[in-house]
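Written out below as structure tokens is the structure these notes cover.
Within every chain, numbering begins at 1; the chains are lettered A, B, ... in the order of the sequence lines, protein sequences first and strands thereafter. What you see is a predicted model; the values in this text were computed from it and never measured.
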2 protein chains.
Amino acid sequence: MVSRRNLTILDVAHTAGVSTATVSRALNGGKISTRTLLRVDDAVRKLGYQRNTLARGLVTGKTGIVGVCVPDVLGPLYAQMARGIEDVLTPLGMQYTLLTSSRDGGREGAATRFLLEQQVDGLILIGSQLSAPELTALVGDRPAVLVQREADATPYPTLSLDNAQGAQAALEHLFENGHRRVAHIAGVRRDGRARQEAYEGVMRAAGLTPVVIASDSTESGGTLAAAALADYPEATAVFCSNDRVALGLYHALRGRGVRVPEDLSVVGFDDLPWGEYLAPPLTTVRQPGREMGRLAARLVLGEKAVTESTSVEPELVVRASVCAPRGGDPSLPA
Amino acid sequence: MVSRRNLTILDVAHTAGVSTATVSRALNGGKISTRTLLRVDDAVRKLGYQRNTLARGLVTGKTGIVGVCVPDVLGPLYAQMARGIEDVLTPLGMQYTLLTSSRDGGREGAATRFLLEQQVDGLILIGSQLSAPELTALVGDRPAVLVQREADATPYPTLSLDNAQGAQAALEHLFENGHRRVAHIAGVRRDGRARQEAYEGVMRAAGLTPVVIASDSTESGGTLAAAALADYPEATAVFCSNDRVALGLYHALRGRGVRVPEDLSVVGFDDLPWGEYLAPPLTTVRQPGREMGRLAARLVLGEKAVTESTSVEPELVVRASVCAPRGGDPSLPA
DNA sequence: TTGAAAGCGCTAACAC
DNA sequence: GTGTTAGCGCTTTCAA
């Protein structure tokens with residue numbers, strides 16, 4: 001049962017009394033008589049043989065593995081994407097290897113190179129920070145998909161959330177509730193910037209003045225932003241670049257005796273799992289992570305027609321962190 | 001720059017005017033004259049050569065990869081462990097491949113087999129659900145570490161959190177605050193069971209009656225548990241099997257007008273990132289995920305003396321979800 | 001210090 | 001249906 005040294009198909013062939021080719025066929029579903037198949041199966045079981053994927057991959061030129069590189073393992077969104085990828089790979093008997101770039105271009109490059117040297121059949125790069133030339137030099141003409149990145153100077157298809165649409169939905173919801181003075185707590189990364197730009201655009205289009213508070217996209221960024229928000233007391237609502245910021249904001253607001261949503265309405269972005277359990281449950285924009293994962297996988301496998309860039313629609317999730325502003329439509333600074 | 005078909009070291013050898021052996025040596029830091037090293041480097045760069053790890057692994061019998069299998073990617077704790085593993089692997093020029101078992105024995109078996117066939121140098125199985133015989137049959141004598149699993153009938157070292165100690169710390173904190181009627185919302189998995197047993201033991205040792213509410217370790221489990229808790233109104237505190245349950249409990253309690261901690265003290269387990277931002281900030285037991293990851297990696301690489309089983313100490317994180325019960329020490333049911 | 005050559009374990013023609 | 005055999009791309013003796 002326990003292997004001494006390396007068990008190979010030769011051992012199996014031996015104990016089954018057939019050739020290695022036959023064993024290979026048995027293992028891969030080739031033309032085989034039922035009797036020999038049984039014999040081989042027995043031998044495999046008896047020996048506890050496990051095939052060596054390296055050798056197999058070396059000769060077939062395929063590994064059945066898709067490499068996935070995420071910014072960090074910590075994000076629930078990436079986890080959802082991973083599930084989506086799994087959804088399409090598993091029925092195909094394929095697997096994926098997950099690596100993290102730690103939001104660092106150097107590490108991302110190393111991880112990507114590693115995956116490529118691993119001879120992965122395809123590459124899904126999520127939130128890549130590498131420049132277009134770096135990417136092309138590294139990946140060459142291997143199948144790759146860039147997720148959370150807008151169409152680029154790269155030859156690879158991209159898949160991204162329509163951040164503009166999400167921001168617009170959030171703001172419209174706020175407008176419908178009577179808000180006009182809506183501040184934005186901005187994020188730092190690609191997505192954050194896209195959301196900020198959309199926010200500014202929508203505000204201007206509505207004849208309103210954007211007020212942007214810089215932040216680092218984390219809970220503590222949200223907490224810090226609360227202080228900055230105190231300098232803009234006429235704001236009746238805040239659109240946060242993501243849920244984590246909203247969480248930090250909730251916390252700081254509570255400390256300052258500001259009630260959500262009575263004193264200040266809040267909208268998040270992402271729809272992380274804990275959002276609905278907050279007090280009040282957070283109104284937010286959902287990013288369909290799992291679906292994005294599925295799409296990315298199908299794109300990289302070439303199952304879906306590869307258009308230059310695909311974007312998926314976010315969905316507004318209305319819960320309880322938005323209500324009408326206190327004095328109806330506020331006119332001028334207090 | 002962009003490879004036509006497969007670029008091999010033969011191509012490199014060719015353009016550098018040396019043999020493949022020399023190229024190999026140059027790539028791996030063997031004895032080489034500086035001049036040829038430079039020539040090879042140039043050729044590599046010029047061609048955009050990337051080594052084929054499969055071939056390399058096939059001949060060396062090592063891949064430099066540690067396989068990691070986690071119950072689900074969604075858990076922040078697993079993410080922290082992954083970071084810990086990375087901490088020790090990266091400086092060694094090694095990598096890890098992450099796979100999920102989706103808390104399903106079948107999928108876990110498949111994932112493990114896949115990693116093994118991948119010829120990983122070691123295996124870190126987190127929260128494995130497989131039985132000892134299944135595990136031994138599958139893994140054989142390859143280096144493996146079982147995380148979040150107590151010492152077993154398996155030949156592999158285990159690494160687990162001292163759940164008993166964590167439960168004890170939580171309960172002692174509650175006792176010190178004057179609580180006697182402490183209920184427990186139990187979890188379903190290994191860890192949950194260990195915590196429940198510890199809870200029961202500590203309660204009995206203190207001459208108190210354990211009250212256990214079954215749950216599924218998720219937010220909705222916590223929400224449901226709130227209803228069950230209504231049948232035990234004399235409880236002044238609840239020890240939750242994890243933070244997610246505590247979150248759901250918070251939510252349901254709020255709906256019922258029960259204040260935390262004034263009406264009911266709550267303690268969680270795990271210390272997930274959002275705990276400190278809740279209202280009130282959650283007192284909980286921290287699981288040192290990153291450190292566990294580091295330990296697991298060192299164990300699997302054989303850097304650390306392999307003792308049969310290692311356990312790491314949890315740490316009580318006191319925040320604001322515990323205070324003295326309302327009427328001091330409650331005596332009898334209402 | 002470098003090169004020639006023998007495999008690592010497997011699959012895929014090609015014969016039988 | 002089954003066996004023979006030539007590699008897949010690389011490292012590693014062994015000689016030179």
Side chains of B:T97 and B:Q118: do they bring a donor and an acceptor to under 3.5 Å?
no
Side chains of A:E134 and A:Q129 only: does a donor on one sit below 3.5 Å from an acceptor on the other?
no
Flag the pair [X] / [Y] as yes when at least one side-chain heavy-atom distance between them is below 4.5 Å, and no otherwise.
{"X": "A:Y78", "Y": "A:I126", "answer": "yes"}
{"X": "A:Y49", "Y": "A:L27", "answer": "yes"}
{"X": "A:I85", "Y": "A:V300", "answer": "no"}
{"X": "B:L123", "Y": "B:V66", "answer": "no"}

Side-chain N,O ([X]) to OP1/OP2 ([N]) below 4.0 Å:
{"X": "B:N6", "N": "D:dG9", "value": "yes"}
{"X": "A:T8", "N": "C:dG9", "value": "no"}
{"X": "A:N28", "N": "C:dT11", "value": "yes"}

In whole angstrom, what separates [X]'s [atom1] from [N]'s [atom2]?
{"X": "B:H14", "N": "C:dG3", "atom1": "NE2", "atom2": "C1'", "value": "15 Å"}
{"X": "B:L10", "N": "D:dC10", "atom1": "CG", "atom2": "P", "value": "9 Å"}
{"X": "A:R56", "N": "D:dG7", "atom1": "CZ", "atom2": "C1'", "value": "17 Å"}
{"X": "B:L54", "N": "C:dG9", "atom1": "CG", "atom2": "C1'", "value": "12 Å"}
{"X": "B:I9", "N": "C:dA5", "atom1": "CD1", "atom2": "P", "value": "15 Å"}
{"X": "A:L58", "N": "D:dC10", "atom1": "CG", "atom2": "C1'", "value": "8 Å"}
{"X": "B:L27", "N": "D:dG9", "atom1": "CG", "atom2": "P", "value": "15 Å"}
{"X": "A:N52", "N": "C:dG7", "atom1": "CG", "atom2": "P", "value": "18 Å"}

When you measure from the side chain of A:S24, which nucleotide among D:dG9, C:dC10, C:dT11 comes out closest?
C:dT11
For A:S311 and A:D162, which heavy atoms make the closest approach, and how far apart are they?
OG-CB, 3.9 Å
Looking only at heavy atoms, the pair that brings B:P288 and B:V312 closest together is CG-CG2, 4.0 Å
Indicate yes or no for a side-chain donor-acceptor contact from A:R190 to the backbone of A:S128 under 3.5 Å, with no hydrogens or angles considered.
yes
How far does the helix from C:dT1-D:dA16 to C:dC16-D:dG1 bend, going by the axes of its first and last five pairs, to the nearest 10°?
30°
Mind listing the N/O atom pairs, protein and nucleotides 1-5 of chain D, below 3.5 Å?
unit_1	atom_1	unit_2	atom_2	d
D:dT2	OP1	A:S33	OG	3.0
D:dT2	OP1	A:T36	OG1	3.2
D:dT2	OP2	A:S33	N	2.9
D:dT2	OP2	A:T36	OG1	2.8
D:dG3	OP2	A:S19	N	2.9
D:dG3	OP2	A:S19	OG	3.1
D:dG3	OP2	A:T22	OG1	2.4
D:dG3	N7	A:R25	NH2	2.6
D:dG3	O6	A:R25	NH1	3.2

Does a side-chain N-to-carboxylate-O contact under 4.0 Å join B:R107 and A:E86?
yes
A:L299 and its side-chain contact (heavy atoms from CB on, under 4.5 Å) partner, picked from A:V145, A:V147, A:T158:
A:V145
Mind listing the residues from residues 109-122 of chain A sitting with a heavy atom below 4.0 Å of DNA chain D? Number order is fine.
none
Is A:T60 touching bases, backbone alone, or none of the nucleic acid, heavy atoms closer than 4.0 Å?
sugar-phosphate
Rounded to the nearest 0.5 Å, what's the gap from CG on A:N163 to CG on A:D191? Could you check?
4.5 Å
